[in-house]
Structures are given as C-alpha cells and as structure tokens.
Amino acid sequence: MRVATWNINSVRLRRPILEDYIHKHQPDILCLQETKVVNQDFPASFFHQLGYPYQEIAGMKSYNGVAILSKIPLTANPIRPWCSMHDCRHLSVELPGGLVIHNFYVPAGGDIPDPHLNKKFAHKLSFVREMADFLKSTHNTDQPVVILGDFNIAPSPFDVWSHQQLIDVVSHTPVEIDLLNSVQQSLNWVDAVRQFFPETQKLYSWWSYRATDWKKSNRGRRLDHIWITPKLRPFLQKALIVEDARGWHTPSDHVPVQITLNLA
DNA sequence: ATGGTCGCAACGCGA
C-alpha cells in the first residue's frame, strides 16, 4: 500500500501534474495540503475518474485546505478545531484494518521567528504543541498510525541546504525543532522517509519559487514528512521523494513524498 | 545582494 503526501498549492491548477504523478507512482492514498478551494468546488469527479472514489475533504476560500483521496474504503474521524479555529489544516481517517492516517498542514509561521512580535509564529508554535498533546492522548505506540503532511519544519541540519544560514529562518529555528521533537517523542514516531537514506544525506521536499533556477541553486528544505508508529516499522518497505515533480510544468513548490507499507 | 515568485481573488495577503 502506497501512502503519499503533497502540498499542492491549488488543487484545481495542479490537475495536469496530479494526473502525471498518479499514473507514474500509483499512490493508494493521496493526502493533499493547500488545496485552496471550498468543498463545493473541489474537483471530486476528476479524482473519482483517476480511481479515487473515497474522498475526505476540508477546504476554505483562498487559503489552506486538506484532502485525503483513497482507492481503499475509509471512515473519516470527526473534524476538530486546532488552536480554537476551523481553518482546514487537519483530516484523519481510519482504514478497514484499523490503520489511522492523520493529514496535517502546519501553519507556515510568517517571517519573524518571535512569537511576541509575530502572531503567525505564535500560532505555529501553539499548533505543534497541540499536535503533541493530541497524538499522545489519542493513540499509543501499539496502534498502526501514520501522521504526514506539510509540517513546515525541517528538523535536521541535513533537511536544509545550509544549517548555519537557516538557523534564524522560520522552518529551521531551534524553538520549532524542539517542539517537533516533542511531537516525535509523543509516541516514538519513526521518520519513515529518513529510514531509507543516511542520516547525513541532504533531503529536500520544497524549493522556493523565488530562485531563478531551483535545481541549480538547490536551496531546498525538507518540510513534508511521513511518520509512523513503531507498530508499523516492520511493514515499511520503501520511501520516495519525487524530486522531479519540482521541474514539471506549472509545479507546486513542494514535491510528493510517499512510502510503501507491505500490509497483507 | 538582503531581492526574488507564486495562487487566489481582487488590486493585498499568505506562502
């Protein structure tokens, strides 16, 4: 079973490359962030025709928005507020065998890495704290659970093009990394993607639109993650970051990240 | 050198 995450930065605009990605990599469950569309206008029939009849969506006008598209039947968990807001940053579903998937779109956090000067950064820190509390109180390590999405944090020095130059840049500051580590420790989450690469190998899933040549400058960050509970570790077979997708026509600034779980 | 580019939707905001 292939499970994927992709911050799509407008699901409607990305239909051509979504189709390309789906044909090439055949995810069974595709989790999207930044769909930027209200539920009424979500391209449901488009995904239905591509083989994803089971769909859970939570969208709003202009911003945010998450979706889970599946070839496998699933049950949606009730949508809950985050930081007392219903801003379409989380969806979770349960599969027939009991596997639970949480799709997160963590706030980007603005530019200034100080919660007293920047409300967006304060929101980001609160959101990640709430993630840790929620996961600890909802699950245990013996349950088969996947959390994935755009976490908007690159935790390791090898998840950014320059640890030194990004240490004060939102997405790689110590306070964010400490909080994401507290999420990791909440349930002994396994970074499913890093398992397949040396700890010191640079890995990126996002490259800014502002670079003249994203590939040449290669100033990337790994903001998109797939984590699994220890219970699922024996079934983890493969991980893939589809870096090519950054160079496809009219790309998102994020690329798809996917894992293969060898579940019977 | 301290910029730059996107998408949505309306001429600004968020990333």
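The structure presented is a predicted model; accordingly, all values stated were derived computationally and were not measured. Proteins get letters first, then strands, A, B, ... in listed order; numbering begins at 1 in each.
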TODO: Classify the nucleic acid contact of A:Thr250 as base, sugar-phosphate or nothing, counting any heavy atom under 4.0 Å across all strands shown.
DONE: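 Sugar-phosphate contact only - A:Thr250 comes under 4.0 Å of backbone atoms but never of a base.
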- [ ] Indicate, with a heavy-atom threshold strictly under 4.0 Å, whether A:Arg14 touches base, sugar-phosphate, or nothing.
- [x]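 Sugar-phosphate, no base atom in range.
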Open item on the list: Pair A:Asp87, A:Arg89 - check salt bridge (charged side-chain N to carboxylate O under 4.0 Å, His left out), show working.
Closed with: CA-CA 6 Å; A:Asp87 56 350; A:Arg89 295 181 177 276; 2.9 Å; yes
When the [atom1] atoms of [M] and [N] are compared, how many Å lie between them, rounded to an integer?
N      : M      : atom1 : answer
B:dA10 : B:dG14 : P     : 14 Å
B:dC13 : B:dT2  : P     : 24 Å
B:dG7  : B:dC11 : C1'   : 14 Å
B:dG4  : B:dA15 : C1'   : 14 Å
B:dA9  : B:dG3  : P     : 29 Å

Open item on the list: Would A:Arg246 and A:Trp248 count as a cation-pi pair here, with the cationic atom under 6.0 angstrom from the ring centre and within 45° of the axis?
Closed with: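 No cation-pi geometry.
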Open item on the list: Reading DNA chain B from 5' to 3', where do the contacts with chain A start and stop? Cut-off is 4.0 Å to heavy atoms.
Closed with: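 In short, chain A contacts DNA chain B from B:dG4 to B:dA15.
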- [ ] Give the ring-plane orientation class for A:Trp207 versus A:Trp214, where under 30° counts as parallel, over 60° as perpendicular and anything between as tilted.
- [x]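 Perpendicular.
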- [ ] Using the six-membered ring wherever Trp is involved, compare the ring planes of A:His102 and A:Phe104 and label them parallel, tilted or perpendicular (cut-offs 30° and 60°).
- [x]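 Taking A:Phe104 first and then A:His102, their aromatic rings lie parallel (interplane angle under 30°).
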Task: Whichever of A:Pro251 and A:Arg89 has its nearest DNA chain B nucleotide further upstream toward 5' - done: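 Nearest nucleotide further toward 5': that of A:Pro251.
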Open item on the list: If you assign each of A:Asn9 and A:Tyr63 to its closest nucleotide in DNA chain B, which residue comes earlier from the 5' end?
Closed with: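 With A:Asn9 and A:Tyr63 compared, the 5'-side residue is A:Asn9.
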Task: side-chain contact (heavy atoms from CB on, under 4.5 Å) between A:Arg222 and A:Arg194, intermediate numbers included - done: CA-CA 11 Å; A:Arg222 190 165 70 113; A:Arg194 187 54 89 174; 3.8 Å; yes
Open item on the list: Determine whether a donor-acceptor pair (N or O, by modelled atom type, separation under 3.5 Å) exists between the side chain of A:Asp20 and the backbone of A:Ile17.
Closed with: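 Side chain of A:Asp20 to backbone of A:Ile17: no pair is present.
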